[in-house]
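Letters A, B, ... are given to chains in the order of the sequence lines, protein chains preceding strands, and every chain is numbered from 1.
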Amino acid sequence: MPELPEVEVTRRSFADAIRGATVHSASLGKPLRWPLGPEPGVLAGRRVLAVRRRGKYLLLDLDEGLLLIHLGMSGSLRFAPTLPERGVHDHFELQTDRGLLRLHDPRRFGAVVWAADEADPRARKLLGGLGAEPLGEDFDFDAFHAGLRASRMPIKQLLLGGKVVVGVGNIYASEVLFLARIRPTAPASGIGPQRARRLHAAIREVLARAVERGGSTLRDFASTDGNAGHFQLEANVYGRAGLPCKVCGAPVRLLRQGQRSTYFCAACQRP
DNA sequence: CAGTGGGCCTGAGTGC
DNA sequence: TGCACTCAGGCCCACT
């Protein structure tokens, strides 16, 4: 579910409030994608120093160790002084002196993983292969273009892979390629400097705009305060198969790439 | 080596 | 109403 903008919106919604909090206790529900590692009891007494984001992972820095939180396809976090009674899909809770942090994740593709530090193999396994942060300083055009040239994968699948740039999920991949006027099936290595420039800019533009809009709410995304996002209201192609392209009026087309839906305009987006 | 497809889960929606 | 089926925002890993 959540792509980079949703994760960033989530982070911003509770980072300040939880900073400095002391953990009283932690508890697990049903198994998530990966085990926490140690017993949840080791979190008792820890202080939360900061909440950072790397790709679609949230990093809770503790005074000893850190927690890597991934929302998977259906995960969401709430943080508040008190929350309603715990439900069957609430699979992780961190009780602190500033409130309760709760992970709600019906499909359980998400995870909460403890690591001693970022060099810990447990953290490196998850963060090690990640590409550039699209909204950060390190999203360098030359490196990006070199990443494209090195792969013959269809550009949409390369973007989803997260090795070149992180955070572009299935919704935003379609939107970004529409804005850059590039066909999703185009081999990455064949994208010239001109089009690569447009793509590089489109990634920043679409993701930054989605963050401003509070993310997308397709099914059940909500930030930790429970509010919905609004970006999907301005999607140009995602979820609009058969409807007229907002630019040229041609019907938006739908195709499958690697078991995922891709939306595009055949008139606006050249192969 | 790069690239593909299976699988992890549950819930919502559709068609019969 | 019930059942069978498809699909959904991610990502690791076994395989070709």
Exercise for review: May I ask you to verify if any side-chain N or O of A:His89 is less than 4.0 angstrom from the OP1 or OP2 atom of B:dG11?
Suggested key: yes

Exercise for review: Between C:dC12, C:dA8, B:dT4, spot the one nearest the side chain of A:Gln157, thanks.
Suggested key: B:dT4

**Study point:** Integer-rounded Å distance: C:dC11 C1' and A:Lys156 NZ
**Key:** 14 Å

Exercise for review: Report yes or no: is the cationic atom of A:Arg197 (NZ for Lys, CZ for Arg) under 6.0 Å from the centre of the six-membered ring of A:Phe141, at an angle within 45° of the ring normal?
Suggested key: yes

Review point. Which of these nucleotides, C:dC13, B:dT4, B:dC8, is closest to any side-chain atom of A:Phe109?
Key: B:dC8

Point to revise | Heavy-atom neighbours of A:Arg253 CZ exceed 12 at 6.0 Å | key: no

Check your understanding: Has A:Arg260 got a side-chain N or O lying under 4.0 Å from the OP1 or OP2 atom of C:dG9?
Key -> yes

Point to revise | Separation of the C1' atoms in C:dC13 and B:dT10, to the nearest angstrom | key: 22 Å

Review point. Please give, in whole Å, the distance from C:dC7 P to A:Asn170 CG?
Key: 14 Å

Point to revise | Donor on one side chain, acceptor on other, A:Arg256 and A:Ser261, under 3.5 Å | key: yes

**Study point:** Between B:dC1 (P) and A:Arg152 (CZ): distance, integer Å
**Key:** 15 Å

Review point. Ion pair present between A:Glu8 and A:Arg11, side-chain N to carboxylate O less than 4.0 angstrom?
Key: yes

Study note, to complete from the structure: Per atom distances to the A:Gln259 side chain, the nearest of B:dG6, B:dG3, C:dC11 is B:dG6

Check your understanding: Nearest to the side chain of A:Tyr57, which nucleotide is it out of B:dG6, C:dG9, C:dC12?
Key -> C:dC12

Review point. Could A:Arg108 and A:Asp105 be called an ion pair, given the rule that one side-chain N must be under 4.0 Å from one carboxylate O?
Key: no

**Study point:** Distance test, side-chain N/O of A:Tyr238 to OP1/OP2 of C:dG9, below 4.0 Å
**Key:** yes

Exercise for review: Pick the P atom in C:dC11 and in B:dA12, then give their distance to the nearest Å.
Suggested key: 23 Å

Check your understanding: Is the closest basic N to carboxylate O distance between A:Glu133 and A:Arg54 below 4.0 Å?
Key -> yes

Exercise for review: For A:Gly169, answer base if it contacts any base atom (sugar-phosphate contacts may also be present), sugar-phosphate if it contacts only those atoms, and nothing otherwise; contact means non-hydrogen atoms under 4.0 Å.
Suggested key: sugar-phosphate

**Study point:** Whole-angstrom distance between C:dC7 and B:dG5, as gauged at atom P
**Key:** 16 Å

Review point. Is the distance from OP1 or OP2 of B:dG3 to the nearest side-chain N or O of A:Ser151 less than 4.0 Å?
Key: yes

Check your understanding: How long is the line joining CG of A:Leu160 and C1' of C:dG9, in whole Å?
Key -> 10 Å

Review point. A:Glu3 has an atom CD; how far is it from atom P of C:dA8, in whole Å?
Key: 13 Å

Practice item. Look at the side chain of A:Arg108 against the base of B:dC8 and say whether a donor-acceptor pair falls under 3.5 Å; ignore hydrogens and angles. Key: no

Exercise for review: May I ask you to evaluate whether A:Lys30 reaches the phosphate of B:dC9, defined as a side-chain N or O under 4.0 Å from OP1 or OP2?
Suggested key: no

Point to revise | A:Ser74 side-chain N/O to C:dA8 phosphate OP1/OP2 under 4.0 Å | key: no

Review point. Which whole number of Å gives the distance between the P atom of C:dG9 and that of B:dG3?
Key: 23 Å

Point to revise | DNA chain B: 5'-proximal contact among A:Val88 and A:Arg33 (nearest heavy atom) | key: A:Arg33

**Study point:** Pairing of A:Glu118 and A:Arg52 as salt bridge, 4.0 angstrom limit
**Key:** yes

Check your understanding: Is any side-chain N or O of A:Arg256 closer than 4.0 Å to OP1 or OP2 of C:dA8?
Key -> yes

**Study point:** Who pairs with B:dT14 - Watson-Crick or G-U, where each distance is under 3.5 Å
**Key:** C:dA4

**Study point:** d(CG, A:Leu127; C1', C:dC12) in whole Å
**Key:** 14 Å

Check your understanding: Does B:dA2 have OP1 or OP2 sitting under 4.0 Å from an N or O in the side chain of A:Lys163?
Key -> no

**Study point:** Nearest-Å distance for atom pair CG/C1', residues A:Leu254 and C:dC7
**Key:** 11 Å

Review point. What's the OH-P distance between A:Tyr172 and C:dG10, to the nearest Å?
Key: 10 Å

Check your understanding: Quick one: is C:dA8 close enough that its OP1 or OP2 comes under 4.0 Å of any side-chain N or O from A:Arg107?
Key -> no

